[in-house]
Amino acid sequence: MHADPLATPLIALACILLAAKVGGDLATRVGQAAVLGELMAGVLLGNLDLLGVGAVEWMGHDSVIDIFARLGVILLLFEVGLESTVAQMMRTGVTALLVAVLGVVTPFALGWGVGALLVPEAGVYAHVFLGATLTATSVG
């Protein structure tokens with residue numbers, strides 16, 4: 001029997017988008033940004049197998065969904081950059097600078113510290129890598 005190779009990824013994408021839309025709506029109802037609910041829905045959907053729900057586990061192994069996820073991260077960071085202007089950052093001044101510095105230093109320190117605590121035998125380069133990875137994801 002012949003099946004469309006895009007049917008499975010499109011069904012997965014529809015499930016992901018539906019979960020994101022519901023999460024965004026719920027976050028908005030409790031006074032939070034919609035993107036927070038969308039991200040939380042993604043985290044929940046990606047970890048359902050830890051809760052004993054294996055129905056969507058196949059999505060994590062689909063290469064097309066992996067490509068969509070990578071593109072989504074790039075688009076999200078690009079969109080955040082487009083929404084920020086230099087004039088807006090200048091108006092917030094010291095507060096923006098403080099948030100930016102803490103947004104880089106804190107994840108780096110925590111990544112390094114947790115890495116050193118959980119995997120002390122890995123060495124300093126592995127701990128620096130963990131801190132840098134967390135910093136890279138927090139910059140946007």
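Within the hydrophobic cluster formed by Ile, Leu, Val, Met, Phe, Trp and Tyr side chains joined at under 4.5 Å, directly or through other members, L110 stands alone, with no partner residue. Cluster note: L102 groups with L98 through ILVMFWY side-chain heavy atoms spaced under 4.5 Å, whether in direct contact or through intervening members. Alongside L71, the hydrophobic cluster contains I67 (criterion: ILVMFWY side chains under 4.5 Å). Side-chain contacts under 4.5 Å among hydrophobic residues (ILVMFWY), followed directly or transitively, place M40 together with L36.
Taking every heavy atom of both residues into account, V64 and P9 meet most closely at CG1-CB, 3.6 Å.
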Just distance, no hydrogens or angles: give the donor-acceptor pairs under 3.5 Å from side chains in residues 14-26, sequence neighbours left out.
unit_1, atom_1, unit_2, atom_2, d
D25, OD2, R29, NE, 2.9
D25, OD2, R29, NH2, 3.1

Return a table of donor-acceptor pairs under 3.5 angstrom between the side chains of residues 122-130 and protein atoms on other chains or two or more places apart.
unit_1, atom_1, unit_2, atom_2, d
H127, ND1, G123, O, 3.2
H127, NE2, G115, O, 3.3
H127, NE2, V119, O, 2.9

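Listed by chain and residue number, nothing satisfies the side chain to side chain donor-acceptor pair (under 3.5 Å) test with N47 (two or more places apart in sequence, or in another chain). Taking D66 as the reference, R70 meet the side chain to side chain donor-acceptor pair (under 3.5 Å) condition, with sequence neighbours excluded. The side-chain contact (heavy atoms from CB on, under 4.5 Å) test applied to A34 returns T28, E38, not counting sequence neighbours. Partners of V101 by side-chain contact (heavy atoms from CB on, under 4.5 Å), not counting sequence neighbours, listed by chain and number: L97, V105.
Sorted by first and then second residue, the pairs that involve residues 84-110 and meet ring pair (Phe, Tyr, Trp, His ring centres under 6.0 Å), not counting sequence neighbours, are F108-W112. Evaluation of the salt bridge (Lys or Arg N to Asp or Glu O under 4.0 Å) test over residues 101-124, restricted to residues two or more places apart or in two chains, returns none.
Grouping the Ile, Leu, Val, Met, Phe, Trp and Tyr side chains by contacts below 4.5 angstrom, directly or via other members, places V35 apart from V30. Under the 4.5 Å side-chain heavy-atom criterion for grouping Ile, Leu, Val, Met, Phe, Trp and Tyr, F68 is connected to L44 within one hydrophobic cluster.
Residue I65 holds its CD1 atom at 9.5 Å from OG1 of T8, rounded to the nearest 0.5 Å.
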